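In what follows, a single structure is set out as structure tokens and then discussed.
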Protein chains: 2
Amino acid sequence: MTEKVHENQRQRAPSQRSLATRDRIFDAAEHLFADRGFEGASIRDIARAAGVQGALVSHHGGSKEALFATVVTRRAQELARLRQDALAQAKAEGPLTLRRILTCFIAPFIDKTLNGGAAWSAYGRLIAHVSSDVRWQHIAQSCFDPTVRVFLAEIAAILPESSQQKISTHFVFMVSAMLSLCTSRWRIAGLADSDPPQDAAGDLAADLTAHLLAFCEAGFRS
Amino acid sequence: MTEKVHENQRQRAPSQRSLATRDRIFDAAEHLFADRGFEGASIRDIARAAGVQGALVSHHGGSKEALFATVVTRRAQELARLRQDALAQAKAEGPLTLRRILTCFIAPFIDKTLNGGAAWSAYGRLIAHVSSDVRWQHIAQSCFDPTVRVFLAEIAAILPESSQQKISTHFVFMVSAMLSLCTSRWRIAGLADSDPPQDAAGDLAADLTAHLLAFCEAGFRS
DNA sequence: GTCTATAATGAGATAGAC
DNA sequence: GTCTATCTCATTATAGAC
């Protein structure tokens with residue numbers, strides 16, 4: 001079999017260089033969409049940040065909407081896997097508690113977005129846009145709802161007296177609070193009249209995760 | 001004293017018609033900024049929605065940024081007054097509890113944004129943009145932080161063992177959950193596999209307020 | 001796969017008539 | 001206070017050379 005393939009089959013795999021360029025474009029798009037929203041980030045901005053020409057952004061990302069969806073989807077799979085792996089491990093280690101279920105959902109996200117580097121930090125803010133704008137409902141449904149439904153079912157088993165409506169409402173409260181750690185830490189710092197807590201005092205992500213978990217577990221049990 | 005004034009004094013009061021036009025422009029801007037964000041809403045869209053020419057939007061609103069700030073500020077004063085009046089009345093009626101403090105903050109907002117008509121509904125979503133984007137920090141500080149600090153002080157008096165950092169963090173969690181009722185009810189409905197609860201069953205705002213209050217009070221006490 | 005060049009449209013803002 | 005007209009620049013997207 002030669003390197004040549006039938007015309008209706010896929011072309012040969014993209015080169016290393018092409019893949020690297022594509023990832024630079026997606027990283028730049030992720031960062032700018034996160035910071036300035038869908039309309040606030042222009043293709044030109046993204047191209048400049050990635051160090052390429054505008055036409056190349058369209059080549060790799062398609063239309064601007066397709067690029068947005070691609071960038072959101074890109075890390076969603078890894079995040080879903082982290083969460084479901086954590087849940088599977090928690091199940092293997094003993095009977096599930098509400099706290100353990102919520103931890104499996106929140107801890108991977110906070111760990112990545114606060115300790116996972118600039119790209120994951122931007123991704124957290126990007127998801128906040130998706131979660132608060134009905135225009136991206138289709139993305140939320142395909143990227144996040146399947147995993148969320150798994151967690152909702154586990155919570156419902158722990159809290160049999162709570163209606164599905166109530167559990168779903170509380171879950172959205174929890175997600176909103178979680179995302180506020182990506183979008184609104186400036187607000188917390190401003191209200192606390194203190195500098196944002198430095199890593200000097202320890203693991204910021206662990207502290208915030210514990211805070212958030214305590215808040216939400218109590219809320220679910222209310 | 002004639003109608004003529006010194007050139008460096010203010011001109012005569014605007015006409016009724018001018019005020020009505022200005023309000024139509026601000027209402028249109030509020031709605032479009034809320035739905036599509038700052039960059040997503042164009043001056044031209046706003047002019048068309050208000051039924052005026054583009055130049056008139058600039059005339060009444062100044063630059064686009066100034067227009068955005070004006071529209072956010074416009075209802076902030078009324079909201080602050082509603083919240084502080086509720087707090088004053090609660091104080092007059094007896095010793096404050098955590099639940100009563102949180103109610104004074106949340107209930108006026110939910111009542112207006114869910115039962116106060118389309119303009120207040122849009123305003124709720126608009127505030128969600130301000131709260132989640134550090135670019136609008138100066139607006140949040142001037143419009144909302146003064147009232148928030150009053151409530152933080154009352155909460156601190158009820159929860160003397162909680163640090164200011166913890167109370168501020170929990171307060172931001174609460175505000176995020178509250179705003180999710182303006183931005184993400186579609187998400188709750190999608191996850192609950194049920195139509196969004198209809199008003200037929202009663203007062204939607206009252207039900208959601210009670211839900212949210214229970215969740216957040218338990219969180220604060222965690 | 002990457003570039004240059006450009007098409008086609010829309011953006012924010014303002015000058016000046018009425 | 002409101003409108004028409006226009007300036008200047010940015011926008012997304014694509015065609016076509018290499």
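Chain naming here is simple, since letters A, B, ... match the order of the sequence lines and numbering starts at 1 in each. These figures come from a predicted structure and were not determined experimentally.
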Original post:
Would A:Ile139 and A:Glu65 count as a side-chain contact (heavy atoms from CB on, under 4.5 Å) if you check the C-alpha gap in whole Å, the side-chain angles of each, and the deciding distance to 0.1 Å?
Top reply: CA-CA 11 Å; A:Ile139 299 180; A:Glu65 290 216 5; over 6 Å; no
Subject >> Any residue of residues 34-43 of chain B with a heavy atom less than 4.0 Å from an atom of DNA chain D >> reply: none
Subject >> Residues touching DNA chain D, which here means a heavy atom under 4.0 Å, drawn from residues 53-65 of chain B >> reply: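 Contacting residues: B:Gln53, B:Ala55, B:Leu56, B:His59, B:His60.
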**OP:** For B:Trp136, enumerate each residue passing the ring pair (Phe, Tyr, Trp, His ring centres under 6.0 Å) test, keeping only those at least two apart in sequence or located in another chain.
**Re:** B:Phe38, B:Phe68
Original post:
If you measure from the Lys or Arg side-chain nitrogens to the Asp or Glu carboxylate oxygens, is any gap between B:Glu154 and B:Arg83 under 4.0 Å?
Top reply: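 B:Arg83 and B:Glu154: not salt-bridged.
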Is a side-chain N or O of [X] found less than 3.5 angstrom from the main chain of [Y], in a donor-acceptor match?
| X | Y | value |
| --- | --- | --- |
| A:His60 | A:Ile25 | no |
| B:Lys112 | B:Gly124 | no |
| B:Tyr123 | B:Thr113 | no |

Original post:
Between A:Arg44 and D:dA10, does any side-chain N or O lie under 4.0 Å from OP1 or OP2?
Top reply: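 Checking A:Arg44 against D:dA10: no side-chain N or O falls below 4.0 Å of OP1 or OP2.
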**OP:** Go through DNA chain C in 5' to 3' direction and return only the first and the last nucleotide with some atom under 4.0 Å of chain A's heavy atoms.
**Re:**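 The contacted stretch runs from C:dG1 to C:dT4.
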Original post:
Tell me, do A:Asp145 and B:Arg187 make a side-chain contact under 4.5 Å, heavy atoms counted?
Top reply: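 In short, these two side chains touch, coming nearer than 4.5 Å.
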**OP:** Can you spot which of A:Arg75, A:Arg24, A:Arg36 makes a salt bridge (Lys or Arg N to Asp or Glu O under 4.0 Å) with A:Glu30?
**Re:** A:Arg75
Donor-acceptor pairs are to be reported for all side-chain atoms of residues 166-174 of chain B against protein atoms at under 3.5 Å, with residues two or more places apart or in another chain.
from, atom 1, to, atom 2, distance (Å)
B:Lys166, NZ, B:Ser222, O, 3.2
B:Ser168, OG, B:Gln164, O, 2.8
B:Thr169, OG1, B:Gln165, O, 2.8

Original post:
Residues in side chain to side chain contact (heavy atoms under 4.5 Å, CB included) with B:Gln89, at least two apart?
Top reply: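 B:Glu93.
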